Amino acid sequence: MKVKIEEGCIACGACESFCPDVFKVEDVAVVDEANIAGNEDCVKEAAESCPVSVIQIEE
């Protein structure tokens, strides 16, 4: 699984609250690629919960 954040992140923190091992919010959300494995379910939940739909997932 590949995860990327497109332009338009509003740094609301929703992704980090759903999946803190993968997402960190600073000025915008950042993905920790090393922690995606084993956290696929919460990554998908975070993407679905993003209010601006900028989390893109490639399986």
Side-chain angles (χ1 to χ4, degrees):
M1 171 184 283
K2 288 187 178 186
V3 181
K4 72 177 190 175
I5 309 294
E6 294 185 335
E7 273 189 52
C9 176
I10 59 172
C12 70
C15 59
E16 188 173 26
S17 68
F18 280 100
C19 202
D21 291 336
V22 176
F23 298 99
K24 299 289 180 238
V25 177
E26 294 160 5
D27 292 334
V28 295
V30 179
V31 177
D32 184 345
E33 300 273 339
N35 288 335
I36 293 173
N39 287 303
E40 292 88 354
D41 288 343
C42 73
V43 168
K44 290 176 185 174
E45 194 172 356
E48 291 170 6
S49 301
C50 179
V52 291
S53 302
V54 296
I55 302 171
Q56 300 301 313
I57 298 173
E58 281 184 34
E59 302 269 352

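All values derive from a computational prediction rather than experimental measurement.
Residues that satisfy the salt bridge (Lys or Arg N to Asp or Glu O under 4.0 Å) test with E58, not counting sequence neighbours, are absent from this structure. With sequence neighbours excluded, no residue forms a side-chain contact (heavy atoms from CB on, under 4.5 Å) with E7.
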Could you give the side-chain donor-acceptor pairs of residues 10-25 under 3.5 Å, partners two or more places apart or in another chain?
| unit_1 | atom_1 | unit_2 | atom_2 | d |
| --- | --- | --- | --- | --- |
| S17 | OG | A14 | O | 2.7 |
| K24 | NZ | P20 | O | 2.4 |

Sequence neighbours left out, cut at 3.5 Å: what donor-acceptor pairs do the side chains of residues 45-54 make with other protein atoms?
| unit_1 | atom_1 | unit_2 | atom_2 | d |
| --- | --- | --- | --- | --- |
| S49 | OG | E45 | O | 2.9 |

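V30 belongs to no hydrophobic cluster, as no Ile, Leu, Val, Met, Phe, Trp or Tyr side chain comes under 4.5 Å of its own.
With a 4.5 Å cut-off on side-chain heavy atoms, V31 and K4 do not count as touching. When side chains are defined from C-beta on, V3 does not count as touching Q56, because their heavy atoms never get closer than 4.5 Å.
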K44/I57 under side-chain contact (heavy atoms from CB on, under 4.5 Å): CA gap, chis, key distance, verdict: CA-CA 8 Å; K44 290 176 185 174; I57 298 173; 4.1 Å; yes
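There is no path of hydrophobic side-chain contacts, each under 4.5 Å, that joins V28 to I55.
Sequence neighbours left out, the pairs with a member in residues 28-40 that pass side-chain hydrogen bond (donor to acceptor under 3.5 Å, both in side chains) are D32-N35.
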